[in-house]
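Take a look at the structure below.
So you know, we letter chains A, B, ... as the sequences are listed, proteins then strands, and number each from 1. All values below were derived from every heavy atom in this structure, side-chain atoms included, with hydrogens, water molecules and symmetry-related copies excluded.
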Amino acid sequence: MLEIKFVRQNLPTVQKAVENRGGTADWEAFNRADAQRSAVLNEIEQLRHQRNVASEQIARLKKNGQAADAQMADMRSVGDRIKQLETELTAQEQILGDILLGIPNIPDPSVPVGRDEKDNPVIKTVGRPPEFDFQAKGHWDIGEQMGILDFARAARIAGARFPLYLGAGAHLERALINFMLDIHTNEHGYTEVLPPFIVNRQSMTHTGQLPKFEQDLFKLENWDYFLIPTAEVPVTNIHQGEILTEEQLPVYYTAYTPCFRSEAGSYGKDTRGLIRQHQFNKVELVKFVEPEHSYEELERLLQNAETILQRLGLPYRVVTLCTGDLGFSAAKTYDIEVWMPAQNMYREISSCSNFEAFQARRANIRFKRKGQKGTQLVHTLNGSGLAVGRTVAAVLENYQQADGSVVIPEALRPYMGGKEKIAP
RNA sequence: GGAGAGAUGGCCGAGUCGGCUGAAGGCGCUCGCCUGCUAAGCGAGUGUGCGGGGAAACCUGCACCGAGGGUUCGAAUCCCUCUCUCUCCGCCA
């Protein structure tokens with residue numbers, strides 16, 4: 001959410017930014033409700049002042065045993081008027097709140113203007129795609145032939161877009177989770193957390209999934225609870241409503257969680273394999289930082305995620321999301337895309353974003369500087385470090401052998417009981 | 001699920017029969033004084049949001065005592081609903 005004052009004072013900037021993202025908002029309704037709200041609030045405050053003064057007077061009269069019937073009668077009508085205006089105020093604030101919650105974040109000036117993912121500039125490419133002297137297979141074929149992935153049975157248990165890992169497949173998924181968590185905690189200074197996988201409506205609103213994107217979420221029936229689509233939601237909300245101290249910052253958390261997404265509107269896309277699932281595992285990185293450092297923190301967050309791919313020896317590239325492809329809450333996002341041989345293309349495996357104060361304002365996460373009055377909103381960042389299912393897919397495809405086996409990346413072997421390859 | 005207790009400022013904790021209580025007292029913290037170090041001591045200050053005034057220090061209005069409603073001229077104090085915490089019982093991974 002943007003600050004109402006900021007929107008009011010920078011309307012052209014905000015309008016331009018929303019337009020660049022391909023969004024819309026009812027600016028006229030905003031102006032109307034904003035003016036109306038101020039007028040009503042002003043009158044309410046005056047009346048309340050009047051009432052406060054009169055109440056004191058009534059208290060004094062009564063203490064002296066004098067009558068105060070006239071004052072009390074006056075105040076009764078003032079009270080009625082206040083109540084009436086308060087209803088009006090609530091209505092206007094509702095309108096404003098709805099509009100403000102629906103306005104996306106303003107992109108950082110360094111974000112390129114563009115329409116969609118085709119306009120995302122590649123900022124670097126690391127590693128070289130492997131060359132095979134045989135026809136490279138998709139990870140779904142590799143996995144099913146070795147009996148470590150079983151999509152048919154998963155479909156019977158739950159439905160399409162659910163995974164079932166077996167044997168070495170399940171072990172590989174678990175190994176990757178531990179591998180990633182160990183690196184982020186031991187080498188990158190993150191604190192491991194294991195949060196709730198179900199959250200309430202407020203938390204979802206704080207990070208920006210709600211109110212706009214409810215159709216992307218799984219909601220529990222008869223409960224106002226949702227399955228998390230990413231650990232970003234519970235982890236960012238760890239500090240909702242808090243005032244942190246300057247010395248506490250920066251705070252780094254890493255969390256493994258399953259993620260649940262309805263994938264509404266993606267029918268027919270990535271129907272095979274582990275790329276697009278209703279349930280997948282992810283190791284997430286979340287940061288709370290001082291505003292003046294958030295962009296250097298974003299660069300380091302990106303590096304932290306890249307480290308995993310480098311250690312696994314997977315080829316990848318990094319793109320900057322253009323304005324049209326940027327997520328609702330983000331001010332700037334880098335996507336890391338891993339090379340997928342069977343599809344002969346790079347696929348997103350991590351998304352690293354700086355939300356600036358957007359989420360912090362919604363979630364009311366502030367900090368106080370030593371010796372300074374007042375508080376300031378923190379900046380929040382997060383990034384996948386990495387999406388585990390897609391990492392499994394990338395390992396299977398990039399390390400596949402002619403005989404149908406898959407070599408385990410060296411760095412991962414300690415996590416696989418020393419095993420060097422997965423064979424049929 | 002059943003029975004009971006509770007939710008106040010960074011923390012602890014008081015708030016009488018509703019009326020100068022943004023909230024006593026203590027701790028902590030900040031600044032100053034004093035003591036040749038440390039400790040102790042003394043003095044002052046120390047919540048957040050929105051708005052008005054001032055160059056600024058600061059002054060000023062409104063709101064906030066878990067959340068939301070209600071009663072009342074007036075509520076941290078009374079009533080209702082919800083959430084959370086604690087104790088006991090039941091059930092249970």
Side-chain angles (χ1 to χ4, degrees), chain A residues 1-10 30-31 33-101 194-206 210 220 222-226 234 237-249 251 258 288 357-378:
Chain A
M1 185 165 63
L2 301 172
E3 197 181 359
I4 185 162
K5 219 188 301 178
F6 177 84
V7 176
R8 196 184 289 143
Q9 290 167 358
N10 301 278
F30 174 84
N31 283 327
D34 188 34
Q36 183 68 5
R37 189 198 73 106
S38 309
V40 172
L41 185 61
N42 206 299
E43 192 177 348
I44 287 177
E45 291 200 347
Q46 279 177 26
L47 289 173
R48 286 210 273 232
H49 176 60
Q50 198 181 325
R51 186 178 65 182
N52 287 345
V53 172
S55 289
E56 260 174 54
Q57 193 189 2
I58 291 168
R60 240 179 294 121
L61 287 172
K62 288 207 156 186
K63 205 176 250 174
N64 298 335
Q66 291 171 279
D69 297 337
Q71 286 86 341
M72 281 164 62
D74 281 354
M75 284 309 108
R76 205 182 321 247
S77 67
V78 168
D80 289 344
R81 175 70 180 147
I82 289 175
K83 220 162 263 182
Q84 196 184 332
L85 288 168
E86 280 172 342
T87 308
E88 173 68 9
L89 182 69
T90 308
Q92 297 306 328
E93 286 184 335
Q94 180 74 42
I95 294 171
L96 281 173
D98 288 351
I99 296 173
L100 281 175
L101 284 174
L194 187 60
F197 301 159
I198 293 175
V199 300
N200 58 31
R201 181 172 291 275
Q202 276 198 323
S203 291
M204 283 289 186
T205 305
H206 292 158
L210 292 178
L220 300 202
N222 301 326
W223 293 77
D224 210 16
Y225 286 159
F226 301 84
N237 276 288
I238 287 175
H239 294 299
Q240 61 177 110
E242 291 184 17
I243 299 174
L244 305 168
T245 61
E246 186 179 16
E247 303 88 80
Q248 276 176 276
L249 299 176
V251 177
F288 301 80
F358 192 82
Q359 295 180 326
R361 188 171 299 111
R362 291 176 166 230
N364 200 222
I365 307 170
R366 296 167 292 171
F367 76 104
K368 204 182 181 85
R369 289 190 205 273
K370 219 174 159 69
Q372 267 186 37
K373 277 211 155 204
T375 58
Q376 226 180 321
L377 293 165
V378 301

Enter the distance from A/Leu244:CG to A/His239:NE2 here, rounded to the nearest 0.5 Å. 5.5 Å

Can you pull out the residues from residues 33-47 of chain A that lie within a 4.0 Å heavy-atom distance of RNA chain B? A/Glu45

Please measure how far the P atom in B/rU16 lies from the corresponding atom in B/rC27, and state the result in whole Å. 24 Å

Nearest heavy atom decides the nucleotide; on that basis, is A/Met72 or A/Thr90 closer to the 5' end of RNA chain B? A/Thr90

B/rG68 to B/rU8 separation - P atoms, rounded to the nearest Å: 16 Å

Options B/rC50, B/rU71, B/rG19, nucleotide nearest the side-chain atoms of A/Glu3: B/rC50

Side chain of A/Lys62 only, heavy atoms from C-beta on: which candidate in B/rC73, B/rA63, B/rG61 is closest? B/rC73

Using a cut-off of strictly less than 4.0 Å, decide whether A/Lys368 has a side-chain nitrogen or oxygen near OP1 or OP2 of B/rG10. no

Smallest separation among heavy atoms of A/Leu100 and A/Leu2, with atom names: CD2-O, 3.9 Å

Identify all pairs in which a protein N or O lies below 3.5 Å from an N or O of nucleotides 74-76 of chain B, and state each distance.
residue	atom	partner	partner atom	Å
B/rG74	O4'	A/Ser55	OG	3.2

Which part of the nucleic acid, if any, lies within reach of A/Thr245 when heavy atoms closer than 4.0 Å are counted: base, sugar-phosphate only, or nothing? nothing

Would you check if there is a donor-acceptor pair between the side chains of A/Asn52 and A/Ser55 at a distance under 3.5 Å? no

Taking only the side-chain heavy atoms of A/His49 (C-beta and beyond), determine which of B/rC73, B/rC62, B/rG51 contains the nearest atom. B/rC62

Distance test, side-chain N/O of A/Arg48 to OP1/OP2 of B/rC62, below 4.0 Å: no

Paired with B/rU21 by Watson-Crick or G-U wobble geometry, both distances under 3.5 Å: which nucleotide is it? none

Atom-pair distance (CD on A/Glu247; P on B/rC29), nearest Å: 13 Å

When rounded to the nearest Å, what value does the distance between P atoms of B/rC84 and B/rA67 take? 15 Å

Quote, to the nearest angstrom, the P distance that separates B/rG15 from B/rU72. 29 Å

When the C1' atoms of B/rC65 and B/rC11 are compared, how many Å lie between them, rounded to an integer? 16 Å

Provide the closest heavy-atom pair for A/Arg366 versus A/Leu377 in the form atom of the first, atom of the second, distance. CG-CD2, 3.6 Å

Could you check whether any side-chain N or O of A/Asn200 sits under 3.5 Å from a backbone N or O of A/Gln202, counting only pairs where one atom can act as donor and the other as acceptor? yes

Given that both distances must come in under 3.5 Å, which nucleotide forms a Watson-Crick or G-U wobble pair with B/rC11? B/rG26

Do side-chain atoms of A/Arg369 reach the backbone of A/Glu246 as a donor and acceptor pair under 3.5 angstrom? no

Can you tell me if A/Lys63 touches the phosphate of B/rG18, counting only side-chain N or O atoms and a distance under 4.0 Å to OP1 or OP2? no

Pair A/Gln46-A/Gln50, side-chain donor/acceptor within less than 3.5 Å: no

Checking base pairs now: Watson-Crick or wobble, both atom distances under 3.5 Å. What partners B/rG6? B/rC84

What distance, rounded to whole Å, do you find between the two P atoms, one in B/rU21 and one in B/rC62? 15 Å

With nearest nucleotide decided by heavy atoms, which residue, A/Ala54 or A/Gln376, maps closer to the 5′ end of RNA chain B? A/Gln376

For A/Phe367 and A/Leu249, work out which heavy atoms get closest and say how close. CG-CD1, 3.5 Å

Closest contact, heavy atoms only, A/Leu96 versus A/Asp34: CD2-N, 3.8 Å

Picking from B/rC73, B/rC50, B/rU48, the nucleotide nearest the side-chain atoms of A/Arg366 would be B/rU48

Among A/Arg81, A/Arg48, A/Arg37, whose salt bridge (charged side-chain N to carboxylate O under 4.0 Å, His left out) with A/Glu86 holds? A/Arg48

With C1' as the reference atom in both, quote the distance from B/rA75 to B/rA39 in angstrom, rounded to an integer. 47 Å

Using the P atoms only, state how far B/rG26 lies from B/rG45, rounded to an integer number of Å. 13 Å

Under a 3.5 Å limit on both distances, the Watson-Crick or wobble mate of B/rG1 is B/rC89

What is the pairing partner of B/rC37, taking Watson-Crick or G-U wobble pairs with both distances under 3.5 Å in any strand? none

Rounded to the nearest 0.5 angstrom, the CG-CD distance for A/Leu41 and A/Glu88 is 12.0 Å

